[in-house]
Amino acid sequence: MALEDAAKQMDMAFTREDLKGPSYELTFGGATSFLRRKYTKDLTGVDIAVTGVPFDQAVTNRPGTRLGPRAIREASALQAPDAPYGWDFDVLSEFAIADYGDLAFDYGHVSQFPAALTAHIKTILDAGAASVVLGGDHYISFPILKAYAEKYGPISLLQFDAHTDTWQDDDMDRIDHGTMFYKAVKSGIVDPTTSVQVGIRTTNEDTMGVNIIDAREVHEKGPQATVAKIKEILGDRPCYLTFDIDALDPAFAPGTGTPVWGGLTSAQTSIMLRDLAGINIMGGDVVEVSPPFDTTGATAIAGAHVATEILSLLGHRMRTA
């Protein structure tokens, strides 16, 4: 495809025949799948499935993350159709990437949601694909991790966040966006000794043994030193990357349920995500984009870029496996 194709191509999310390659469309028109990937429920031959989870049962003060997946998809249409910048390969051309649509669940039966999400991700993994999930409040990572741990065993967690989300909560059926990683460690699906949380800047005395790189350390030592430390902690173990958009400072991502000052910049984050190439990443998510609290769309734009970097990290791992 070439730039002149934009004059005659539209709605490639539905009309394109393959799962690879760029899509040149008018940025202000067309069906807004993630990065204009083909919408399909057929996972045959799919390497990476992007899926949305429009769920916000447990945000702090500012609801609206159920609208995150839609906003991230729309923001992704603003990205250039060329290869993601800064990488030495084009994940969109080398790998079959599909937009698998959103999780369907009964919002009137919230207690049924976790199992529905775990089954949804398990379907993707059983088909031989990796998942990149657009959230949704951060609780969604817990049911997702259950599916990954079932396939890979106890998994290492790489979490970018302002909060550790390890506050004590021994009711495993309780749905809460601030306690799910306490439960993930306690239930044995996450190995804390080879896990790391980056950008933390809220007080929580019990981190469940997870390694912490707080926001101040990132600012003082810089992105490259941070990445070196992350890689040392993760080693070559299978890991899952979760990115709470409030890892970014509110100046860069005001549309989140739990904004905290002193956070990471978008520049720091872009350097770290790209330099993480080589980690044994199995899947990832970006969560807590809350469009109602950011009329500029900057938060959704950041979320779309994070998801693109996760795609590239997965592609890098796949092409070097």
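The environment of NZ in Lys221 is sparse: at most 12 heavy-atom neighbours from other residues, nucleotides or ligands sit within 6.0 Å. The number of heavy atoms from other shown groups lying within 6.0 Å of CD (Glu205) does not exceed 12. Within 6.0 Å of NZ on Lys231 lie more than 12 heavy atoms contributed by other residues, nucleotides or ligands. At most 12 non-hydrogen atoms from other residues, nucleotides or ligands lie less than 6.0 angstrom from CG of Asp236. Counting non-hydrogen atoms of other residues, nucleotides and ligands closer than 6.0 Å to CD of Glu74 gives a total of 12 or fewer. Annotation for Arg317: atom CZ counts as buried by contact number, over 12 foreign heavy atoms lying within 6.0 Å. Within 6.0 Å of atom CZ in Arg216, 12 or fewer heavy atoms from other residues, nucleotides or ligands are found, so the atom counts as exposed in its surroundings.
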Side chain to side chain donor-acceptor pair (under 3.5 Å) for Thr194 and Arg237? Distances and angles first, verdict last. CA-CA 8 Å; Thr194 57; Arg237 285 183 49 78; 3.1 Å; yes
Does Ser33 form a side chain to side chain donor-acceptor pair (under 3.5 Å) with Asp99? I'd like the steps, not just the answer. CA-CA 6 Å; Ser33 62; Asp99 192 321; 4.8 Å; no
Go through the steps for Thr207 and Gln197 under the test side chain to side chain donor-acceptor pair (under 3.5 Å), then give the verdict. CA-CA 10 Å; Thr207 62; Gln197 297 173 325; over 6 Å; no
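What you find for Thr269 and Leu264 is that their closest heavy atoms are OG1-CB, 3.8 Å. Across all their heavy atoms, Tyr139 and Pro114 have their closest contact at OH-CG, 3.4 Å.
Aromatic ring orientation, His316 versus Phe89: tilted (interplanar angle from 30° to 60°). In this structure, Phe243 and Phe160 have parallel ring planes: the angle between them is below the 30° cut-off, well short of the 60° mark.
Checking side-chain atoms of Asp11 against main-chain N and O of Ala31 turns up a donor-acceptor pair under 3.5 Å.
Only one option out of Tyr240, Tyr148, Tyr100 pairs with Ser131 in a side-chain hydrogen bond (donor to acceptor under 3.5 Å, both in side chains); it is Tyr148.
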